[in-house]
Number of protein chains: 2
Amino acid sequence: MTLTAPDQTSTGYDLGPAAALSCRACGHRTPLAPEFACPQCFGPLEIAYDFPAITREEIERGPKSIWRYKKLLPVPTTVEDHPNMDPGFTRLIRADRLGAELGIRNLWVKDDTGNPTHSFKDRVVAVALAAARELGFTVLACPSTGNLANATAAAAARAGWDSVVLIPSSLERAKVLMTAVYDTNLLAVEGNYDDVNRLATELAFEQEDWAFVNVNVRPYYAEGSKSLGYEISEQLGWRVPAQTVIPVASGSQLTKIDKAYGELVSLGLVDAADWKIFGAQAAGCSPVSTAFREGTDVVRPQRPDTIARSLAIGNPADGPYVLDTVRRTGGAVTDVTDDEVRDGIRLLARTEGVFAETAGGVTVANAKKLVETGQLDPDADTVLLITGDGLKTLDAIEHQVGPKATVPATSKAVREALGI
Amino acid sequence: MTLTAPDQTSTGYDLGPAAALSCRACGHRTPLAPEFACPQCFGPLEIAYDFPAITREEIERGPKSIWRYKKLLPVPTTVEDHPNMDPGFTRLIRADRLGAELGIRNLWVKDDTGNPTHSFKDRVVAVALAAARELGFTVLACPSTGNLANATAAAAARAGWDSVVLIPSSLERAKVLMTAVYDTNLLAVEGNYDDVNRLATELAFEQEDWAFVNVNVRPYYAEGSKSLGYEISEQLGWRVPAQTVIPVASGSQLTKIDKAYGELVSLGLVDAADWKIFGAQAAGCSPVSTAFREGTDVVRPQRPDTIARSLAIGNPADGPYVLDTVRRTGGAVTDVTDDEVRDGIRLLARTEGVFAETAGGVTVANAKKLVETGQLDPDADTVLLITGDGLKTLDAIEHQVGPKATVPATSKAVREALGI
C-alpha cells in the first residue's frame, strides 16, 4: 500500500508529459489547469513538457493513429481506453507527377483528407477531448466555420458527450449537414465568424463545464497539430524535410509542426538538420503574408474575402508566431488569388488523385509561386500539407469542371465525343 | 545464366499468386488473360490461386494498405513500385454505443470512408489497375453511378493513365464534380445505369486497350474486396467474426469477404470457425432479399427506386452467389425502407461519429431488423460494413437534420435556445 497516487503530476492531473502551462508572451509558468490566458499578462498559454525517454521502435510498435505519439502529447496515459476518433497516421505520398509540374524534384503530399471527418481538425479535437475529460469538463463545444464543427460534433458523439457547436448562419450546406447529423446542439448565430468567436469566449467564462476546444482548452487542443510533424518525419524514414509548406488560418498548425520537428531533434529521434517553414495564404485573407512582405512584426487584421473560407481568419491568433517561425527558419509567407487556388485544386487532383478543399489549393498554388520566385529550392526535399477535403467545398470548382459532353448511349457517340 | 524467365506464370503474366481463370458456372479453367467470360459456357470467370506459404508476422510487417496482402491478390509482385492510391487498412472500430442501441453486445464497424476517395471502390480499382497494367491495357475506364467513378478517375490520375468514365446524365452533383476534377474523360450518357453498363460492355469489345475495371477486368477487380475480409480478421486479432453484415449491390463484395475468410482458414492464418454472412438491401431495390425470402435460387430483376443509389442495381451479377453464400453459412438477406435507411445513417452518426452514405444506412438498419427478428445473435461478435461516405449523399438527410435554432450572438439567446 502506498500513500502517493501514481501517474499524476503535482497538479493532480494525468496529462502525460505535460508539466506546466507557459506564457508565450512573458514566459511565466503556471500549473496545468483549465486555463488559456496568462494570469500575469493575459498572453496565450502553451504546454511545457517534461518528456520521457522514447525510441523510434517504441513509436513504431504503437497504434496507427496519433496515439503512437501519446508520450509526446498533453493527454492522459490511458487516452486510448476511452472511445475517440483515433485520427491520424494518414498517408504521406510521393508526388512525382505534381513535382514535375511544379519543378520540384523530391516532393511529398501529406494527405489529411483520410482522417475520420476528412480534415486535420480530428487531430486537435481528439487531444482537446482527452485533456478536457481529465480537466473535469463534461460538454465539448466550439465556434467554427466548418471543419472544426464536423470534428467536434463527431468526436463528442463517439465519446457519448453532449456538445454545442456555434456556426455563422451563412455556412455552406455540406458543413452544416455534416455537423447536424451527429445530433449535436448546433446553433446558427446571426453574424460572421468573428461574432461567433466572441460569443464562444463569453460562454466559456459563463458555462464552467463547457470545453470550447479552440478557446478555453486551446493550449491542449493546439498541441494536436504536432502529430503532423511527427508523422511526416517518421514516414520519411525518421528525418525532417528541408522544406514544408503549410496553410495559415490562425497560424497554430504551422507553429506546432515546427515545434514537433524541434522536439524530435531534441529527443534524438531524428538527426539535427536545417529546415525551412513556409506559410500559405489566400490574397483575400492575407494578414500574415502582408506583414511578412512588409518586414514588420505587426499583423494588421483584415476583412476576409476569399473562397478559401477555412483559412478566412482576418485576425489570426498565432500570426506573430508564424512570422517568428518562418523568419527564424529562412522560409516565407506568401499568398495567391482565388483563381490560382482553383487551379491549385485541379492541378493536385489531375496529377495525384487527391481532391483537396480550397485550403489545399492555397498550399499547392503557393508552392508553385514559391518555386517561380526562387524562394523554394527545387532540389530540396519538400512536403505540402493537404489538410481538408474537396467534398466540403464543391462550390469552388463547380464552374470549372464537369462532363466533357452528354452523349447518346452508343459507342459511336462516345468515340466522336472523345475525337478517336 | 538461365534460359527461363523468373517471376512469371506459364502464361507470361506476373499476377502474383493468381494461377488461372476459373468459370464460376461450369468450373472450366483457362490461362490468365484479359478475359471475363468462360470460353465454354460464357459464365463469369474468377481467379484461381496457388498461394505461397505466408505468416501473420510477414503480413503485419507490410505496408498500411491493401498491399500488406499482395501475396493473396492477383497483382504483380512489384505492385507497390507504381504510383497508386495505396487504399485500405481503414479503421475497424469498437461500436459499443451503437451496439447498446441495437442490442448487440460485441459490435464493430469497418469504416471504409477513410479510403482515399472515401469508399471501398478504391480497393477494387487499385487491384484492377495493377492487373490491367500487367495485362497490357493502357486506358482505365468504367461505367458508374458514383463511387466507382470517383475511384477510377483518381487512380488513373495518380498513375498518369488516360481514363474514360461513363455516368448516367442524371447523376448527383457531388459525384459528378468529384470525378471531373481529376481531369478524366467524363461523359454523361443519356439513359439510366443499365444503359451505361451495356454501352461499356460494347466498348470493351471495340477498344482493345481500354480496361473497364468492372467489365472486362472484372475477375481481377472483384478480388480487391477480399482485402476487407483480411483486414477485419487481422484487426480482430486474427480471427473471423461470427457475423458480418454487408450491403448488396452487385453482390460481389459479399461473396469476396466470405472467400477471404475461407482463405485465411485454409492458409492457417486464423483458426477454423463458423461464420454467418448477412446481406443488406433497400426495399426499393431488393432482388436478392426477395429471392432469399421466397426460398428460390432465381434472382428476378427489379426496377430500382430507392435513395440508396449506390446499391441500386436491379439485376445484380452476383445475386445467385450471394444466395449461395448466405444459405451455406446460415445467414440471411433482408431489406429496409428508405425511412429506415435515413434513421440508420443518423443512428450511426450520433452513436459513433461515423457519417455513412445511404448504403451504410442500409447496413445499420438491416442489422437492427435482423436483431429484432431473431436472425442475428445479439451475443455473437458482429461486424458491420460501412463502405461509403455521407458527404456524397447529402440529399438523403437534408430534410432530416439541421441547426436546432438560429439565434442572435448573445449568451442569453444561446441558453434560451438550449433550455438551460
Side-chain angles (χ1 to χ4, degrees), chain A residues 64 83 85-86 89 91 93-94 96-97 114 116 154-155 157-158 160 164 169 173-174 176-178 180-183 185-191 195-196 198-199 202-203 206 345-346 349-353 355 390-392 394 397-398 401-411 414 417-418, chain B residues 64 83 85-86 89 91 93-94 96-97 114 116 154-155 157-158 160 164 169 173-174 176-178 180-183 185-191 195-196 198-199 202-203 206 345-346 349-353 355 390-392 394 397-398 401-411 414 417-418:
Chain A
K64 288 156 195 70
M85 303 294 282
D86 295 302
F89 219 62
R91 306 188 299 164
I93 62 171
R94 266 303 287 209
D96 289 342
R97 283 169 42 78
R158 178 147 169 78
V164 178
S169 53
R173 175 172 175 257
V176 172
L177 293 175
M178 194 185 180
V181 73
Y182 301 113
D183 201 28
N185 292 296
L186 176 63
L187 295 179
V189 177
E190 293 164 357
D195 298 320
V196 179
R198 184 183 47 73
L199 172 60
E202 187 181 334
L203 282 162
E206 295 174 0
I345 293 173
R346 297 177 63 187
R350 79 172 161 78
T351 53
E352 301 298 343
F355 182 28
L391 277 173
K392 298 190 195 180
L394 289 174
I397 57 155
E398 74 177 335
V401 304
K404 294 216 189 296
T406 299
V407 298
T410 70
S411 62
V414 167
L418 299 179
Chain B
K64 288 155 196 73
M85 302 294 282
D86 296 301
F89 218 62
R91 304 186 303 163
I93 61 171
R94 268 300 289 208
D96 289 342
R97 282 168 45 77
R158 180 149 168 75
V164 178
S169 52
R173 175 176 176 258
V176 172
L177 292 177
M178 196 185 177
V181 74
Y182 302 113
D183 200 29
N185 292 296
L186 176 62
L187 295 179
V189 177
E190 293 164 358
D195 298 320
V196 179
R198 183 183 48 70
L199 172 60
E202 188 180 332
L203 282 162
E206 295 174 2
I345 293 172
R346 296 178 63 187
R350 79 173 161 80
T351 54
E352 301 299 343
F355 183 27
L391 276 174
K392 296 190 196 180
L394 289 175
I397 57 154
E398 71 177 337
V401 305
K404 294 215 188 296
T406 299
V407 298
T410 70
S411 62
V414 168
L418 299 179

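Just so you know, these numbers use all the heavy atoms, side chains as well, and skip hydrogens, waters and symmetry mates. Chain A is the first sequence line, chain B the second, and so forth, proteins listed ahead of strands; every chain is numbered from 1.
- Within the 4.5 angstrom heavy-atom criterion, no atom of Ala155(A) approaches chain B.
- In this structure, the portions of Glu398(A) lying under 4.5 Å from any heavy atom of chain B include both its backbone and its side chain.
- Val401(B) places none of its side-chain heavy atoms less than 4.5 Å from the side chain of Leu186(A).
- In this structure, the portion of Leu418(A) lying under 4.5 Å from any heavy atom of chain B is its side chain and not its backbone.
- Using a 4.5 Å cut-off between heavy atoms, Glu352(A) touches chain B through backbone and side chain atoms alike.
- Among Arg346(B), Arg173(B), Arg198(B), the residue making the largest number of heavy-atom pairs under 4.5 Å with chain A is Arg173(B).
- Residue contact with chain B, scored on non-hydrogen atoms closer than 4.5 Å, involves the side chain of Ser169(A) exclusively.
- Taking 4.5 Å as the limit, some side-chain heavy atom of Pro116(A) sits within range of a side-chain heavy atom of Arg91(B).
- Listed options Asp195(B), Asn185(B), Val181(B), Leu203(B) were ranked by heavy-atom pairs under 4.5 angstrom with chain A; first place goes to Val181(B).
- Of the residues considered (Gly390(A), Ala349(A), Ala180(A)), Ala349(A) shows the highest number of contacts with chain B, using heavy-atom pairs under 4.5 Å.
- For chain B, the option among Ala409(A), Pro83(A), Gly402(A), Ala188(A) with the highest count of heavy-atom pairs below 4.5 Å is Ala188(A).
- By number of non-hydrogen pairs under 4.5 angstrom with chain B, the leading residue of Val407(A), Val189(A), Thr406(A) is Val407(A).
- In this structure, the separation between CD on Glu202(B) and OG1 on Thr410(A) is 7.5 Å, given to the nearest 0.5 Å.
- If you measure heavy-atom distances from Val176(A) to chain B, the contacts under 4.5 Å come from the side chain alone.
- No part of Val196(A) comes within reach of chain B, as not one of its non-hydrogen atoms sits under 4.5 angstrom from that chain.
- Of the atoms belonging to Leu199(A), it is side-chain heavy atoms, and not backbone ones, that fall under 4.5 Å from chain B.
- Between atom CD1 of residue Ile93(B) and atom CE of residue Met85(A) there is a gap of 7.0 Å, rounded to the nearest 0.5 Å.
- Applying the salt bridge (charged side-chain N to carboxylate O under 4.0 Å, His left out) rule to Asp183(B) yields the partners Lys404(A); only residues at least two apart in sequence or on another chain are considered.
- With chain B as the partner, the residue from Ala417(A), Gly114(A), Pro408(A), Gly191(A) showing the most heavy-atom pairs under 4.5 Å is Pro408(A).
- For the set Glu206(B), Arg97(B), Arg94(B), Lys392(B), the count of heavy-atom pairs under 4.5 angstrom toward chain A peaks at Arg97(B).
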